[in-house]
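What follows is one structure encoded as structure tokens, with my remarks underneath.
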Amino acid sequence: MVKIRLPDGKVLEFPDGITAAEVVSTIGPGLARKTVAVRAAGQVVDLATRFSAGEIALQALTESDADALTVLRHSCAHVMAEAICALWPRTKLVYGPPVENGYYYDIDLDHNLTPEDFAKIEAKMQEIVKSDRPFTRYELPRSDALAKLEREGNEYKVDNAQRAEGDTLSFYVTGAAGSGCWEDLCRGPHIPSTGRVGAFKVMQVAGAYHHGDASRKMLQRVYGTAFFKKAELQAHLTQLEEARKRDHRRLGPELGLFTLDPLVGSGLVLWKPRGARERFELEGLMREQLMSRGYQPVYTPHIGRLDLYRTSGHFPYYRDAQFPPLFETDTARILNELWIAAYERGDENPAGPREMQLLEELKAIDARTYAVITTGAASGNASSPDKGEARRKYELGPGCTAHNQALIREHLREADGFLLKPMNCPMHIRIYASEARSYRDLPVRLAEFGTVYRYEKSGEVSGMTRVRGFTQDDAHIFCTQGQLQAEIADCVELTCNVLSLLKLKDFRVRVGLRDDADKYVGSRENWAAAEAAIRRAVQASGMPFTEEPGEAAFYGPKIDFVVRDAIGREWQLGTVQADYNLPERFDLSYIGDDNRPHRPVMVHRAPFGSLERFCAILIEHFAGAFPLWLAPVQAVICTVSEKSCEYAGVVFEAFRKAGLRVELDAGGERIGAKIRSATMAKVPYIIVIGEQEVAGGSINVRTREGKQLGSCEPAQFLAACALEIQTRETPDPAVAGQTTA
RNA sequence: GCCACCGUAGCUCAAUUGGCAGAGCAGCGGUUUUGUAAACCGCAGGUUGCGGGUUCGAGUCCCGCCGGUGGCUCCA
């Protein structure tokens with residue numbers, strides 16, 4: 001006997017070996033028709049699953065269930081894989097899971113699939129769906145399954161099987177068992193038959209490394225999506241189309257906000273006047289917040305000595321992601337290369353050919369420095385005589401990394417290279433270090449809209465969300481251990497404040513912690529303290545968050561605010577990071593109330609993150625229709641005919657003097673055309689001035705949403721705008737979007 | 001950086017098998033003096049991303065670069 005407990009609490013009894021499908025039919029034929037899988041004892045399983053003995057909680061998953069859609073998509077991945085295998089029999093299948101908006105299947109195939117192939121694949125898939133073949137599961141003992149896969153000669157499936165857990169492995173035949181139909185190693189579950197796939201589409205193909213490992217073979221990842229109903233697919237495609245219209249890369253240039261110019265360089269943003277205005281207003285908002293929270297503005301240069309970033313650790317750690325350093329002399333260039341080579345060889349190894357080659361180069365261009373470095377002869381500069389016992393020469397044996405690096409840095413004091421600044425923190429740290437600090441001065445909060453440059457990989461650069469030069473709304477807080485948590489909490493609050501002011505609600509909070517990778521610097525104790533402070537601060541905020549090991553910065557844990565763009569990609573915006581390590585690396589201190597030096601702790605934080613990225617997200621968030629206070633152009637005055645031009649000019653001047661960002665359209669177009677172009681430019685207020693307004697000394701106001709607010713006196717309008725701007729009134733774009741649609 | 005795809009006027013897109021580079025919008029000039037999402041007429045706009053090659057002939061085929069897009073990898 002099997003007892004089946006239904007969601008409503010009812011318990012039904014069945015003989016052993018009853019299938020889920022039979023149970024569901026007992027409940028009702030209508031339900032049976034709509035059910036594609038069941039959740040039994042918390043696990044989603046096939047309708048063909050048999051139950052025996054005990055009591056099982058069972059829930060039918062119908063087409064409206066999110067989990068059912070996932071099952072469908074997984075099944076559709078099989079249908080697509082079969083279609084591809086039928087068309088290109090050389091195809092080796094790798095891995096085909098459902099994902100958020102559909103599914104993909106990784107394949108290894110020498111023919112590159114192109115969008116033209118998609119139609120062929122879809123036609124074949126349609127045949128498979130039409131034939132309405134059942135998904136039939138069978139299981140083999142692990143060793144038999146492995147032997148079968150080895151025989152079939154697909155090394156990827158063998159690899160999958162080896163990684164799978166359990167004593168038995170399951171296969172799914174798209175057809176009856178033993179029918180010779182297409183089959184795949186698969187954990188399941190699946191829908192009952194291919195005919196249940198109501199609508200599908202092959203979306204795109206992209207490269208993907210096997211196991212995500214860049215050193216392994218690049219596979220083809222074919223993306224598709226599937227739904228139970230055609231209308232749902234159509235709605236999904238329409239939504240994608242709408243999202244593409246909101247894409248900042250399309251709207252930004254269209255609305256004249258920014259431009260990306262290959263002549264200037266990939267990933268380098270040119271902010272045009274309208275985009276710059278948006279940024280200017282955001283910076284204003286942030287400045288107000290910072291001033292009221294005790295931050296002090298600072299300014300630092302865009303370039304700094306390489307040694308600054310050797311000290312911070314950014315230069316060695318992120319070397320590949322930085323613009324190459326600039327050198328005044330070849331000696332400095334070669335010494336820097338030697339420093340890198342010493343760093344890379346590590347303590348275990350003796351000097352390699354790279355170091356020998358660099359020493360030879362040094363010898364050729366600067367015999368004096370070469371001699372000093374290789375023989376340890378007096379260099380004439382600061383090497384202190386009391387340490388003179390140790391030989392001050394470049395060591396070729398193992399175990400000398402620190403010694404060699406220190407030696408080279410000493411020589412680089414004469415003429416070091418410069419690095420385009422990849423981070424603001426080292427500069428802010430040197431401002432902190434420029435004077436003696438008392439515990440009474442702490443926290444010291446140094447803020448700057450600091451532009452940084454990072455050499456992002458060519459395939460990574462994208463619009464304004466991933467660029468090679470960007471401005472952080474950066475600040476660094478230097479505080480005592482005891483102040484740390486409150487400072488982090490204030491940063492979290494500040495970030496939430498600005499996000500909520502902008503009605504940016506759709507974000508998630510990620511707490512990035514360290515894992516066991518060796519990229520992290522500093523002691524375990526300090527990491528534990530920093531992680532505890534971060535965790536407590538975010539818990540205190542009451543926001544939901546996820547903890548993600550491996551997501552920390554190399555110097556400390558962090559809280560990231562992550563949003564999605566119009567096409568569903570996630571981007572980190574705001575960030576708050578606790579850091580015990582840079583103060584140590586730069587030997588920072590303050591004098592405590594015990595009159596002894598203490599080490600401060602740092603908080604790195606940027607509520608917007610990058611202004612480029614933040615503005616990109618805002619463009620998409622508002623679909624280019626910015627609230628009045630952010631709008632590059634707040635009002636356009638449109639004349640009905642030449643007869644009203646003079647008066648319109650007077651109103652225009654008055655508005656401009658009042659500080660409104662206003663434009664005058666007194667051209668020869670008709671009023672309808674002027675309204676259309678102002679509407680498409682997403683200008684919040686459109687002012688119509690014709691002979692009536694001239695006669696009445698009034699204006700007529702219309703919104704970009706098409707609402708006619710009627711006529712009023714110019715002063716009335718100005719006062720209303722002033723209030724709306726001053727309070728930074730920000731309508732929820734989700735609601736605004738509905739009225740414009 | 002890797003894999004794939006794409007690149008025609010400022011924008012959106014045409015151009016049969018390799019056979020005279022074209023349209024709409026935007027721009028400019030004129031006519032119209034207009035009342036809430038597109039008046040009319042005209043003009044101009046191009047080394048088809050760049051550089052090679054094949055061919056009698058290349059926007060179209062081949063090679064190399066540059067740029068963009070979608071993923072992968074990375075993201076202080």
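Within every chain, numbering begins at 1; the chains are lettered A, B, ... in the order of the sequence lines, protein sequences first and strands thereafter. Please read these numbers as outputs of a predicted model, since none were measured by experiment.
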Among [options], find the nucleotide with the atom closest to the side chain of [X].
X: A:Met218; options: B:U36, B:C3, B:A38; result: B:C3
X: A:Gln577; options: B:C72, B:A76, B:A37; result: B:A76
X: A:Arg676; options: B:A76, B:A37, B:A4; result: B:A37
X: A:Ile675; options: B:A38, B:A37, B:U33; result: B:A37
X: A:Tyr223; options: B:A76, B:C72, B:U32; result: B:C72
X: A:Pro422; options: B:U34, B:A76, B:U36; result: B:A76
X: A:Ser641; options: B:A37, B:G1, B:U33; result: B:U33
X: A:Arg670; options: B:G67, B:A37, B:A39; result: B:A39

How is [X] classified with respect to the nucleic acid when contacts are heavy atoms under 4.0 Å: base, sugar-phosphate, or nothing?
X: A:Ala206; answer: base
X: A:Tyr555; answer: sugar-phosphate
X: A:Gln322; answer: base
X: A:Arg569; answer: sugar-phosphate
X: A:Ser312; answer: nothing
X: A:Glu693; answer: base
X: A:Gly668; answer: base
X: A:Gly690; answer: base
X: A:Glu691; answer: base
X: A:Ala678; answer: nothing
X: A:Asp320; answer: nothing
X: A:Ile671; answer: sugar-phosphate
X: A:Gly672; answer: sugar-phosphate

Rounded off to whole Å, could you give me the [atom1]-to-[atom2] distance for the [X] and [N] pair?
X: A:Asp261; N: B:C66; atom1: CG; atom2: C1'; answer: 13 Å
X: A:Lys674; N: B:U33; atom1: NZ; atom2: C1'; answer: 10 Å
X: A:Met680; N: B:C11; atom1: CE; atom2: P; answer: 16 Å
X: A:Arg454; N: B:A76; atom1: CZ; atom2: C1'; answer: 5 Å
X: A:Leu573; N: B:A76; atom1: CG; atom2: P; answer: 14 Å
X: A:Glu642; N: B:U32; atom1: CD; atom2: C1'; answer: 10 Å
X: A:Glu456; N: B:G67; atom1: CD; atom2: C1'; answer: 18 Å
X: A:His248; N: B:U69; atom1: NE2; atom2: P; answer: 9 Å

Between the side chains of [Y] and [X], is the shortest nitrogen-to-carboxylate-oxygen separation below 4.0 Å, so that they form an ion pair?
X: A:Asp247; Y: A:Arg250; result: no
X: A:Arg510; Y: A:Glu547; result: no
X: A:Asp516; Y: A:Arg524; result: yes
X: A:Arg466; Y: A:Glu456; result: yes

Before you tell me yes or no, could you show the steps for A:Glu612 and A:Arg454 under salt bridge (Lys or Arg N to Asp or Glu O under 4.0 Å), namely the whole-Å CA-CA distance, both residues' side-chain angles and the distance that decides it to 0.1 Å? CA-CA 14 Å; A:Glu612 283 73 7; A:Arg454 299 177 185 176; over 6 Å; no

Taking [M] as the reference, what is the distance to [N] when you measure between their [atom1] atoms (whole Å, please)?
N: B:C62; M: B:A58; atom1: P; value: 15 Å
N: B:G24; M: B:A44; atom1: C1'; value: 16 Å
N: B:G59; M: B:G46; atom1: C1'; value: 11 Å
N: B:C75; M: B:G18; atom1: C1'; value: 46 Å
N: B:G49; M: B:G42; atom1: P; value: 30 Å
N: B:C11; M: B:A26; atom1: P; value: 15 Å
N: B:G45; M: B:A9; atom1: C1'; value: 6 Å
N: B:C50; M: B:U8; atom1: C1'; value: 15 Å

When you measure only distances, ignoring hydrogens and angles, does the side chain of [X] come within 3.5 Å of the base of [N] through a donor and an acceptor?
X: A:Arg466; N: B:C74; answer: yes
X: A:Arg221; N: B:C3; answer: no
X: A:Gln220; N: B:G71; answer: no
X: A:Tyr209; N: B:G1; answer: yes

Taking A:Gln634 for the side chain and A:Ala631 for the main chain, is one N or O donor matched with an acceptor at less than 3.5 Å?
no

query = Taking the side chain from A:Gln322 and the backbone from A:His314, do they hold a donor-acceptor pair closer than 3.5 Å?
reply = yes

Does A:Tyr318 lie flat on the base of B:A76, that is, centres under 5.5 Å apart and planes under 30° off? yes

Is [X] near enough to [N] that one of its side-chain N or O atoms lies under 4.0 angstrom from OP1 or OP2?
X: A:Lys217; N: B:C72; value: no
X: A:Ser266; N: B:G68; value: yes
X: A:Lys457; N: B:C2; value: no

5'-most contact on RNA chain B (nearest-nucleotide basis), A:Gln572 vs A:Ile567, goes to A:Ile567

Is the A:Phe478 ring parallel, tilted or perpendicular to the A:Tyr432 ring (thresholds 30°, 60°)? parallel

Does a donor on one side chain sit under 3.5 Å from an acceptor on the other, for A:Ser698 and A:Ser711? no

